[in-house]
Amino acid sequence: MSWLSVWGDYLPTMLDGLQVSLLLALISISLGYPLGLLLGLAVSSENLAVRAISLAVVEIGRGAPALVVLYLFYYGLPKAGITMEAMTAASLGLVWNTAAYSSEVMRAGFQSVHRGQIEAANALGLADRHTFLRIVMPQGLRSATPGLMGLSIQVFQATSLAYTIAVPELMKAANNLGSRDFNYLQVFVLAGLVYAAVTLPATWITVYFEKRMNRAYA
């Protein structure tokens with residue numbers, strides 16, 4: 001059989017796995033980014049306890065490999081009497097990982113706002129809360145947007161780790177097909193092409209958007 005014929009047989013199963021991968025990425029981003037925003041603000045808090053706890057959450061989330069975090073939720077928590085479905089464990093692990101990285105991206109965006117604008121707002125008598133919400137946050141998030149878009153691509157690629165705890169995502173589908181037919185070369189080449197079909201357009205969009213923003217700030 002030709003490669004195209006084999007791929008035609010495999011593709012429906014691959015696309016079913018891709019739907020799960022995209023759902024997992026969507027959950028991770030839609031929950032991870034708001035949580036990352038809160039963590040980014042908490043890390044900059046003047047309250048020492050809040051800053052210490054949030055910093056620990058961020059550093060563990062960034063320092064531990066995402067695979068270790070997934071194993072912790074799926075295999076580790078049952079020892080403490082907490083069991084969960086594989087999809088739930090994978091979602092929680094990736095949300096934590098996404099929140100930790102996105103918090104640093106957003107914090108860097110907030111810090112990029114020129115200090116003079118904050119001083120000018122203070123001179124005009126604007127409260128700190130209003131200064132942050134009306135001046136720092138809009139500009140900071142705009143600066144962080146290219147980084148967050150790039151992080152989204154990495155989050156999608158990281159969903160492949162969920163295969164190790166039996167989530168039926170794209171890599172799991174590819175591995176099942178490979179185990180069935182022992183045709184690993186054609187299976188994994190197709191899996192790579194399916195991943196590329198998502199990540200390459202997303203990368204091009206990110207680069208285009210970043211160039212547009214650079215021209216706007218020039």
Side-chain angles (χ1 to χ4, degrees), residues 20-113 115 118 128-167 169 171 202 206:
V20 178
S21 296
L22 290 172
L23 175 61
L24 193 52
L26 179 64
I27 293 171
S28 303
I29 292 168
S30 60
L31 297 180
Y33 282 5
L35 184 58
L37 173 60
L38 294 177
L39 285 172
L41 296 176
V43 167
S44 303
S45 171
E46 295 181 356
N47 185 301
L48 181 60
V50 172
R51 191 166 66 245
I53 293 172
S54 56
L55 192 59
V57 172
V58 169
E59 291 305 320
I60 293 173
R62 295 176 62 209
L67 183 59
V68 173
V69 179
L70 262 62
Y71 278 11
L72 174 67
F73 279 103
Y74 191 64
Y75 295 116
L77 288 183
K79 293 290 185 182
I82 303 173
T83 57
M84 57 185 72
E85 297 291 331
M87 186 67 178
T88 304
S91 299
L92 289 176
L94 291 176
V95 164
W96 187 3
N97 191 255
T98 303
Y101 279 100
S102 64
S103 70
E104 291 300 287
V105 174
M106 285 186 258
R107 196 157 66 94
F110 297 148
Q111 292 174 344
S112 70
V113 178
R115 182 70 190 169
I118 301 173
D128 289 345
R129 181 166 57 91
H130 292 153
T131 300
F132 178 79
L133 291 175
R134 296 179 182 179
I135 297 175
V136 177
M137 180 179 260
Q139 295 186 70
L141 288 180
R142 188 168 55 187
S143 299
T145 298
L148 294 175
M149 293 175 69
L151 180 60
S152 299
I153 297 171
Q154 295 179 32
V155 171
F156 170 68
Q157 292 172 331
T159 60
S160 62
L161 297 174
Y163 136 76
T164 61
I165 58 173
V167 175
E169 46 71 63
M171 274 303 296
T206 301

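- Here the closest non-hydrogen pair linking V155 and S28 is CG1-CB, 3.7 Å.
- Of all heavy-atom pairs between R107 and S44, the closest is CD-OG, 3.5 Å.
- When all heavy atoms of S91 and L24 are compared, the closest pair comes out as OG-CD1, 3.3 Å.
- At distances below 3.5 Å, at least one donor-acceptor pair connects side-chain atoms of Y101 with backbone N or O atoms of R62.
- Considering OG1 of T159 and CE of M171, their distance stands at 10.0 Å, rounded to 0.5 Å.
- Judged by distance alone, with hydrogens and angles left aside, the side-chain atoms of S152 form a donor-acceptor pair with the main-chain N or O of L148 at under 3.5 Å.
- Listed here is the closest heavy atom pair of S102 and G36: OG-CA, 3.5 Å.
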Practice problem: Check the pair L41, F132 against side chain to side chain contact (heavy atoms under 4.5 Å, CB included), reporting the backbone distance first and the verdict last. | Solution: CA-CA 10 Å; L41 296 176; F132 178 79; 3.0 Å; yes

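- The shortest distance between side-chain heavy atoms of V57 and W96 falls below 4.5 Å.
- In this structure, F73 places its CZ atom where more than 12 heavy-atom neighbours from other residues, nucleotides or ligands lie under 6.0 Å away.
- For the atom pair OG of S112 and CD of Q139, the computed distance is 8.0 Å after rounding to the nearest 0.5 Å.
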Exercise. List the steps, then state whether side chain to side chain contact (heavy atoms under 4.5 Å, CB included) holds for T164 with Y71.
Key: CA-CA 9 Å; T164 61; Y71 278 11; 3.5 Å; yes

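- Across all non-hydrogen atoms, the minimal contact from A89 to M84 is CA-SD, 3.5 Å.
- For the atom pair CG of L67 and CG of L72, the computed distance is 11.5 Å after rounding to the nearest 0.5 Å.
- The two atoms that bring E85 and Y74 nearest to each other are C-CE1, 4.2 Å, heavy atoms only.
- We find the CE-CZ distance between M137 and R129 to be 12.0 Å, quoted to the nearest 0.5 Å.
- In this structure, E59 CD and S103 OG are separated by 8.5 Å, a value rounded to the nearest 0.5 Å.
- For the atom pair CD1 of I60 and CG of L55, the computed distance is 9.5 Å after rounding to the nearest 0.5 Å.
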